[in-house]
Student: 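What follows is a structure written as structure tokens; I'll ask about it next.
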Amino acid sequence: MSEIEYVRGDATVPSVKGVKVIAHVCNDIGGWGKGFVVALSRRWPEPERAYRAWHRDRAANDFGLGAVQVVQVEPYVWVANMIGQRGIRTGSKGVPVRYEAIDRALERLADHAAELGASVHMPRIGCGLAGGKWSRVEPLITDRLVRRGIPVTIYDHGEGGS
């Protein structure tokens with residue numbers, strides 16, 4: 001079984017051949033505008049547009065914690081919008097990250113990646129604005145993706161990991 005590969009760089013520019021899925025965590029209230037999504041939107045308008053439409057039409061679709069929306073942005077590049085945080089603020093119920101939702105989303109992501117024959121690329125999901133701990137997220141990625149033989153690369157942007 002391979003391991004998660006860690007690199008310094010930009011997760012929106014995976015430097016491997018073949019089909020790639022760039023995965024990230026979104027909130028469940030339709031907010032898009034801080035964190036990793038800013039870099040995504042700079043490169044492609046489609047993931048934000050699709051996420052906003054998905055949220056707007058949520059009464060008629062699967063939008064909610066644990067759901068995944070996969071959006072094609074280039075012939076061999078897809079973006080996975082994974083709903084893994086409740087709201088956007090830390091409050092009486094703790095930080096926004098929801099590990100069970102990330103786990104369910106990663107399981108769905110694994111199915112998409114396997115179907116596409118894709119590798120998966122992401123920042124340290126759930127650990128920035130969502131307030132999660134990498135020590136809780138990393139084992140979920142290993143269980144859901146790496147154990148299924150899906151190559152995973154984690155990108156640490158700039159100085160030091162988050």
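Start at 1 with the first residue, then count along the sequence.
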Student: State which residue, out of Glu48, Glu46, Arg49, fulfils the side chain to side chain donor-acceptor pair (under 3.5 Å) condition with Ser41.
Tutor: Glu48
Student: Is Glu5 close to Ile154 at the side-chain level, that is, under 4.5 Å between some pair of heavy atoms?
Tutor: no
Student: Grab the two heavy atoms, one from His157 and one from Gly9, that are nearest each other, plus how far apart they are.
Tutor: ND1-O, 3.3 Å
Student: Hydrophobic clustering (ILVMFWY, side-chain heavy atoms < 4.5 Å, transitive) - are Val13 and Ile125 grouped together?
Tutor: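 Different clusters.
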Student: Just verifying a value: how many Å separate Arg56 CZ and Asn61 CG, rounded to the nearest 0.5 Å?
Tutor: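 These two atoms lie 10.5 Å from each other.
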Student: Is there a side-chain contact between Asn27 and Pro96 in this structure, where contact means two heavy atoms from C-beta onward sitting under 4.5 Å apart?
Tutor: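 No, their side chains stay 4.5 Å or more apart.
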Student: So Ile141 and Met122, do their side chains get closer than 4.5 Å, heavy atoms only?
Tutor: yes
Student: For residues Gly84 and Ala101, report the shortest heavy-atom separation together with the two atoms involved.
Tutor: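 The answer is CA-CB, 4.0 Å.
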Student: What are the two closest non-hydrogen atoms of Asn81 and Cys26, and how far apart are they?
Tutor: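 That closest heavy-atom pairing would be CB-SG, 3.8 Å.
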Student: Would you kindly confirm whether Ile150 and Val25 end up in one hydrophobic cluster when ILVMFWY residues are joined by side chain heavy atoms under 4.5 Å apart?
Tutor: yes
Student: What closest approach, in Å, do Gly149 and Pro151 show between heavy atoms, and which atom pair accounts for it?
Tutor: O-CD, 3.4 Å
Student: Side-chain contact test, heavy atoms from C-beta onward, threshold under 4.5 Å: evaluate it for Asp156 versus Val7 and give yes or no.
Tutor: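 Of all side-chain heavy-atom pairs linking Val7 with Asp156, none is under 4.5 Å.
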Student: Can you tell me how far apart CG (Leu65) and CD1 (Ile83) are? Round to the nearest 0.5 Å.
Tutor: 7.5 Å
Student: Hey, can you tell me if Tyr51 and Trp32 have their rings parallel, tilted or perpendicular (30° and 60° cut-offs)?
Tutor: tilted
Student: For the residue pair Arg43 and Glu74, establish whether any side-chain heavy-atom pair is separated by less than 4.5 Å.
Tutor: yes
Student: What about His24 and Trp78, are their ring centers closer than 6.0 Å?
Tutor: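 Aromatic pair excluded; centres sit 6.0 Å or further apart.
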Student: Could you go through the side chain to side chain contact (heavy atoms under 4.5 Å, CB included) check for Asp10 and Tyr155 one step at a time?
Tutor: CA-CA 6 Å; Asp10 183 349; Tyr155 294 77; 5.8 Å; no
Student: Could you grab the distance from atom CD1 of Ile88 to atom CZ of Arg86, nearest 0.5 Å is fine?
Tutor: 13.5 Å
Student: What I'd like to find out is whether the side chain of Leu40 reaches to under 4.5 Å of the side chain of Val73, using heavy atoms alone.
Tutor: no
Student: Heavy-atom distance under 4.5 Å between the side chains of Gln69 and His112, does that happen here?
Tutor: no
Student: So if you build clusters from Ile, Leu, Val, Met, Phe, Trp, Tyr with side-chain heavy-atom gaps below 4.5 Å, do Val79 and Val19 land together?
Tutor: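 No, it is not one cluster - the side chains of Val79 and Val19 are not joined through contacts under 4.5 Å.
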Student: Are Arg148 and Asp111 close enough for a salt bridge, meaning some N to O gap below 4.0 Å?
Tutor: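 So Arg148 pairs with Asp111 through a salt bridge.
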Student: Gly35 and Leu129: which non-hydrogen atoms are nearest, and at how many Å?
Tutor: N-CD1, 3.6 Å
Student: Testing the basics here: between Met82 and Leu109, what is the closest heavy-atom pair and its distance to 0.1 Å?
Tutor: SD-CD2, 3.9 Å
Student: Do Thr12 and Phe36 have side chains that approach each other closer than 4.5 Å (heavy atoms only, starting at C-beta)?
Tutor: yes
Student: How many angstroms lie between OG in Ser119 and CD1 in Ile22, if you round to the nearest 0.5 Å?
Tutor: 9.5 Å
Student: How many angstroms lie between CG in Leu140 and CG in Asp103, if you round to the nearest 0.5 Å?
Tutor: 5.0 Å
Student: Using the side chain to side chain contact (heavy atoms under 4.5 Å, CB included) rule, take Ile4 and Glu138 through it: C-alpha gap first, then chi angles, then the decisive distance, then the call.
Tutor: CA-CA 9 Å; Ile4 295 172; Glu138 185 185 44; 3.8 Å; yes
Student: Any chance you could measure Gln72, atom CD, to Leu116, atom CG, to the nearest 0.5 Å?
Tutor: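 If I round to the nearest 0.5 Å, the distance is 8.0 Å.
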Student: Would a single hydrophobic cluster contain both Val37 and Val95, if residues Ile, Leu, Val, Met, Phe, Trp and Tyr are joined by side-chain heavy-atom contacts under 4.5 Å?
Tutor: no
Student: Is it true that atom CZ of Arg52 has more than 12 heavy atoms of other residues, nucleotides or ligands lying nearer than 6.0 Å?
Tutor: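 More than 12 within 6.0 Å, yes.
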Student: Can you confirm whether Tyr6 is buried at OH, in the sense that more than 12 heavy atoms of other residues, nucleotides or ligands lie under 6.0 Å from that atom?
Tutor: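 Counting neighbours around OH of Tyr6, more than 12 heavy atoms of other residues, nucleotides or ligands fall under 6.0 Å, so yes.
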Student: Hydrophobic clusters here meaning ILVMFWY residues chained together by side-chain heavy-atom distances under 4.5 Å, can you tell me if Val71 and Val120 are in one?
Tutor: no
Student: Of all residues at least two apart in sequence or in a different chain, which pass the ring pair (Phe, Tyr, Trp, His ring centres under 6.0 Å) check with Trp54?
Tutor: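 With sequence neighbours excluded, Trp54 shows a ring pair (Phe, Tyr, Trp, His ring centres under 6.0 Å) to Phe63, given in chain and number order.
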